[in-house]
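Below is one structure, written out as structure tokens, with a few remarks after it.
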Amino acid sequence: MDRFVLWDIDGTLVSVGGLGAEVFDRAIEATLGRRPPERVRMSGKTDPQIVGEYLEMLAVEDPAGQLESVLEHLERELAAAEHEMRGGGRMLPGVTAVIDELAAGGGVLQSVLTGNIAPNARLKLAAFGLDGLLDLEVGAYGSDHADRRMLVPVALARLAELRHVELAPGQVWIVGDTANDLACARAAGARCLLVATGRAPLEDLAALGPDAVLADLADTAAVVAILRS
Ligand SMILES: [Mg+2]
């Protein structure tokens, strides 16, 4: 095993459409009895980070105490919206072909590094049949740390502990769609491929100076060549 590919989920593997932001409104309403008056920017942030910003916007008392409760509701609301997620969401172009090709060639372990709390990461992947293709036990999640930049070491530690594979950060590829994915890779000394299938346009992502940047994952051979390099 000499490469560890950590996939971001939203905007990289799948798009869940408007539901991605809507579940936060529902979870906050279920916890606090009111919806946020406006939406926070979510791209590349972790779920606890997003919820923390909402709690600050709403000026709730005891935000630390409410955070866990909102995250529990977030899990419940997404699980309840599984049908809606399938109907309004989609897998992004080229995803299964790249994952299959990397798996078939050997030498590459694949998991996720995502801002989603772990149960919601699994729900989103399962909705599009991707959960069985990745080793989710060695992934890193928003539920592990609110700061995405802390998450590569979490995944590497799980890989060592659960799969007895010791890899260096330089053997890790982060694949994501935002500046926060790149910051997370840089903080750990990992490399980063950015894809313009989320909100950020290709030229904006390219200007950040990632190790590689693509419009999408449709060119299987090109993506695989990058992630095996
Ligand atoms: Mg993303």
Side-chain angles (χ1 to χ4, degrees), residues 4-24 39-53 71 74 78 85 88-96 98-99 110-128 130-131 133-134 136 139-152 154-155 172-188 190-218 223 226-227:
F4 192 20
V5 174
L6 291 169
W7 297 97
D8 166 57
I9 296 179
D10 297 289
T12 301
L13 295 179
V14 304
S15 164
V16 300
L19 184 66
E22 170 65 21
V23 285
F24 285 92
R39 292 219 165 125
V40 303
R41 277 186 62 90
M42 300 185 186
S43 294
K45 291 180 184 169
T46 65
D47 287 353
Q49 186 179 8
I50 292 165
V51 172
E53 290 182 17
L71 290 174
L74 194 66
L78 191 68
M85 178 160 55
R90 65 194 171 102
M91 194 175 359
L92 291 164
V95 164
T96 44
V98 169
I99 292 175
Q110 302 180 76
S111 187
V112 292
L113 190 153
T114 171
N116 285 278
I117 54 174
N120 286 10
R122 194 174 283 275
L123 280 169
K124 286 181 181 178
L125 294 170
F128 302 97
L130 290 168
D131 52 325
L133 305 181
L134 303 168
L136 298 182
Y141 301 88
S143 31
D144 294 312
H145 207 292
D147 183 346
R148 192 180 194 109
R149 290 169 302 176
M150 308 303 282
L151 291 180
V152 171
V154 171
V172 176
W173 274 99
I174 294 293
V175 189
D177 66 308
T178 69
N180 284 334
D181 296 272
L182 177 61
C184 146
R186 290 282 181 263
R191 288 183 289 172
C192 183
L193 162 63
L194 291 179
V195 287
T197 41
R199 283 169 173 271
L202 183 65
E203 55 272 27
D204 290 8
L205 295 177
L208 298 169
D211 301 279
V213 62
L214 292 169
D216 56 36
L217 298 169
V223 181
I226 290 166
L227 298 179

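We count residues from 1, following the sequence as given. As the structure lists them, so they are numbered: ligands from 1, and atoms in each ligand from 1.
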**OP:** Go through the structure and list residues passing side-chain contact (heavy atoms from CB on, under 4.5 Å) with T46, not counting sequence neighbours.
**Re:**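 Only P48, Q49, A146, R148 meet the side-chain contact (heavy atoms from CB on, under 4.5 Å) criterion with T46.
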Original post:
Distance from L136 atom CG to Y141 atom OH, nearest 0.5 Å?
Top reply: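 Going from CG on L136 over to OH on Y141, the span is 4.5 Å.
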Subject >> Listed protein N/O/S atoms, distance to the Mg ion (ligand 1) under 2.8 Å >> reply: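 The answer, once waters are left aside, is D8 OD2, D10 O, D177 OD1.
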Subject >> Check: G142 main-chain N/O paired with D47 side-chain donor or acceptor under 3.5 Å >> reply: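 Not confirmed, D47 side chain does not pair with G142 backbone.
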Original post:
Under 4.0 Å between a Lys/Arg side-chain N and an Asp/Glu carboxylate O for R39 and E22?
Top reply: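 E22 and R39: salt-bridged.
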Validation: residues 192-206 side-chain donor-acceptor distances under 3.5 Å, sequence neighbours left out:
from : atom 1 : to  : atom 2 : distance (Å)
T197 : OG1    : G11 : O      : 2.6

Original post:
Who are the side-chain hydrogen bond (donor to acceptor under 3.5 Å, both in side chains) partners of D211, not counting sequence neighbours?
Top reply: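 D211: side-chain hydrogen bond (donor to acceptor under 3.5 Å, both in side chains) contacts with R186.
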